[in-house]
Number of protein chains: 2
Amino acid sequence: MDKIGLLKKGILKHLYFNKQLSSADLSEKLSKSLPVVLKLLNELIRDGEVMELGYAPSTGGRRPMLYTLQKNVRYVLTVAMDQVFTKIGLMNMEHEFVKPVRRYDLRLADNPEALSGLEALIQDYIKINHIDGATIAGIGIGMPGFVDVEKGINYSFIPSGEHSIAEFLEERLNLPVYIDNDSSLVALSEYRFGAARKRKNVMVVNMSWGVGLGIIIKGELFRGNNGFAGEFSHIPIFTSNKLCSCGKTGCLETEASLLVLIEKAKEGIRNGKTTNLRHLSDTNPEEAYESIVSMALKGDKFCIEIISEIGYNIGRGLAILIHILNPELIILSGRGASAGKLWRAPIQQAINEHSIPRLAEHTEIEISTVGARDELLGAAALVMENFGKDRRKKKSKGTGIELI
Amino acid sequence: MDKIGLLKKGILKHLYFNKQLSSADLSEKLSKSLPVVLKLLNELIRDGEVMELGYAPSTGGRRPMLYTLQKNVRYVLTVAMDQVFTKIGLMNMEHEFVKPVRRYDLRLADNPEALSGLEALIQDYIKINHIDGATIAGIGIGMPGFVDVEKGINYSFIPSGEHSIAEFLEERLNLPVYIDNDSSLVALSEYRFGAARKRKNVMVVNMSWGVGLGIIIKGELFRGNNGFAGEFSHIPIFTSNKLCSCGKTGCLETEASLLVLIEKAKEGIRNGKTTNLRHLSDTNPEEAYESIVSMALKGDKFCIEIISEIGYNIGRGLAILIHILNPELIILSGRGASAGKLWRAPIQQAINEHSIPRLAEHTEIEISTVGARDELLGAAALVMENFGKDRRKKKSKGTGIELI
DNA sequence: AAGACTTTATTAAAATTTAACAAAAGTGTA
DNA sequence: TACACTTTTGTTAAATTTTAATAAAGTCTT
């Protein structure tokens, strides 16, 4: 794509994340001069992509014209995968679903056909909803596992050999495709639409069957050297000998995931603890978790207790994060955020006990309110994040050559 | 300073870190076009700051002219502080000392006069060595404690109230002053001159009386939100009840610093362990540490054992780092690096036991060879890192204003 | 050894930024 | 309330920078 095309996309990207901006705002965000920005804006208006919204109140001088996106010109196809289900939706430029989200069965574990299966689902969704490819900015896919975003490979699921999943789908679907780890996308949606907006250094904990971590550093998603950063679930901090799914012992996950919460609840019920909690489903952890939370929110002491235990353990992990990365904000997000402020006290307690006060007092703790929509929204953000970026990798040359 | 002045400084900065560069290299590093870079280079040559070095070998085309700095035109004043001593030196553009390094007594703990004391030392050094301020690019100071680089405040030592230490010294000395945490500077010098050159995501462990950590992320020193990132010493990962200097228990430092090594050695001697180690100084930990290392390097089994124990504990901490940040490289640096490869086996052992293999295998472990010069060198790098940067903070404006 | 391809340096053309100015509003003072 | 002064946006003109074109110097392939 040519240079000014990329710039126009850059404008659309910023308007996507900010709803309305003045030419001066865009000039600053794009590091381009006002004359250029205004020229491009007028072209975008002419093409029906952008519209004038009216004047903003003065901040002490002439009032700026505000610009916004035309709502129904471009869309993003979003995909959120977990171990058993794959959800697909279509969102407009105002972060709303314009076609109903569909939930497909697609098992990831030990499924050599996962990739072609995924392609078929997307094709199906496009076909059923009569989606015109020309209106699609791109496809964003969130998936569990070790994802190397740059190589486009998932080392845990969706085998694709040495080939890029993203490139494979791009060729088949003829649309830009971006993939990322689910926890990273939860973090991205908190950064763009949730409690982490405009913040620079934020840790987003994805409380779920494991404990994921999305890291925002200097206003960008940080993925580490191979895209594996944020493996919070498996930091070794316990001396109990519980075996973890990863083969080690002492992982945070063995004492602090929602699955552990369910285990504790079941054990309590077996041991005749005083609680209103009744039988919990063995096959549907989602349901079991929601029962525990709703009981806890109604004041059930046992449920509150076990949630506190989990929270305290999470807090121990967070204390380590605070020491190493000194973030301004930690957000508890993902499925587990529905327990809301029940987490706050035990987490804060653990942080107080295990951190240097000067550090802890500079880090806020927030519970996410964006919730379960997070991952599909994050996948959409992933697409728009890359909108207006040149995908071609520039070859790096060595410097400091020998003198002849 | 005007724009082209900053650009020229930018050229000098890159030549400082790279010795010799072609115009094409500089064009890429500065994101400026070749014609501009060549114009500026010619001006710098005319002013006697830069010289042509000759042609580099061809890489398949016309040979590029290489440029380098004139050696004795500009200097950097470097200061490295620890709890009791302050070292000051003067370095040229080839990272060599041009005046002897002087060691001054300056106690930091509970010293309300530390700041004026520091100023006096620098004044003294300038005076004694007849240094012409006009030739100095700036003053870089490394110091222990919680340092907020942006505010220029050290919250642990060198009380300056709410005022900036850097600005205070700048006014008094009439030279640009930059301060930073000692471990950050060790990391910076590894990044610029040591094993971390050209790497993007590197953790540099500063093995000393505590365990510091300097974090390089995306090719830049990462300091966290308040400059407190890298408090590796106090991550809570042990269940032993040893009280730490910070008031908590279980800190890495209580089981993994060089002071602990000395303690273990003394205890061993008291208990009559088989070792060639004799009496260790109670007042000079530096000397005690060096005795242990030299014995270990000669093959003393007991010394090797206790070094291994410390190494293993460090490794446990590193395993956590690897999970969270997925670095490409971890460097063991600082005072403790003199034990060299003795660290390697126990650290690797701990990492193998406590990390997911897929993660661990992507992270190299290196022992620093730069060694004790690190901190003064890092302070010089800090000055040049900021050379050619506009120091004025641009005021950030809010976006997304309401529509009228 | 000739022609195709690379890379750097110089120059000319195109594009962008900066600066200057005009327009529209707020602020302060008599 | 009128009028001068400051602030901020939008437009036009001048200056600068970048991109493209071209020349120069060298490597590589057949």
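A:Arg192 has a carboxylate O that lies under 4.0 Å from a charged side-chain N of A:Glu385, or vice versa, which qualifies the two as a salt bridge. Ion pairing between A:Asp148 and A:Arg223 fails under the 4.0 Å rule for side-chain N and carboxylate O.
Between B:Glu28 atom CD and D:dT18 atom C1' the separation is 16 Å, expressed in whole Å. Straight-line distance from the CG atom of B:Leu26 to the C1' atom of C:dT7: 16 Å, rounded to whole Å. Counting to the nearest Å, the C1' atom of C:dT10 and the CG atom of B:Leu40 are 16 Å from each other. Here the P atom of nucleotide C:dG26 and the OH atom of A:Tyr55 are 14 Å apart, to the nearest Å. Distance CG (A:Leu21) to C1' (D:dT8): 17 Å, rounded to an integer number of Å. C:dT17 atom P lies 19 Å from atom CD1 of B:Ile4, rounded to whole Å.
A:Asp132 and A:Thr135 share no side-chain donor-acceptor pair at under 3.5 Å.
Using cut-offs of 30° and 60° on the angle between ring planes, the pair B:His95 and B:Tyr16 is perpendicular.
In this structure, B:Tyr67 contributes its side chain and B:Leu41 its backbone to no donor-acceptor pair below 3.5 Å.
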* When you check every protein heavy atom under 4.0 Å of nucleotides 19-30 of chain D, what one-letter string (B, S, -) results, 5' to 3'? -> B----BBBS---
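If you check D:dT18, D:dT9, D:dT11 against the side chain of A:Leu38, the one that comes closest is D:dT11.
For B:Glu96, the side chain to side chain donor-acceptor pair (under 3.5 Å) partners two or more places apart in sequence, or in a different chain, are B:Asn92.
Of all heavy-atom pairs between A:Gly10 and A:Leu30, the closest is C-CD2, 3.9 Å.
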* Asked: Under the side-chain contact (heavy atoms from CB on, under 4.5 Å) criterion, do A:Ile217 and B:Phe222 qualify, and how do the steps go?
  -> CA-CA 9 Å; A:Ile217 278 181; B:Phe222 176 75; 3.7 Å; yes
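Each of A:Lys200, A:Arg199, A:Lys218 was checked for a salt bridge (charged side-chain N to carboxylate O under 4.0 Å, His left out) with A:Glu328, and the lone residue meeting it is A:Arg199.
Within a heavy-atom distance below 4.0 Å of DNA chain D, no residue of residues 41-48 of chain B is found.
Under 4.0 angstrom from either OP1 or OP2 of C:dT16 there lies no side-chain N or O belonging to A:Lys32.
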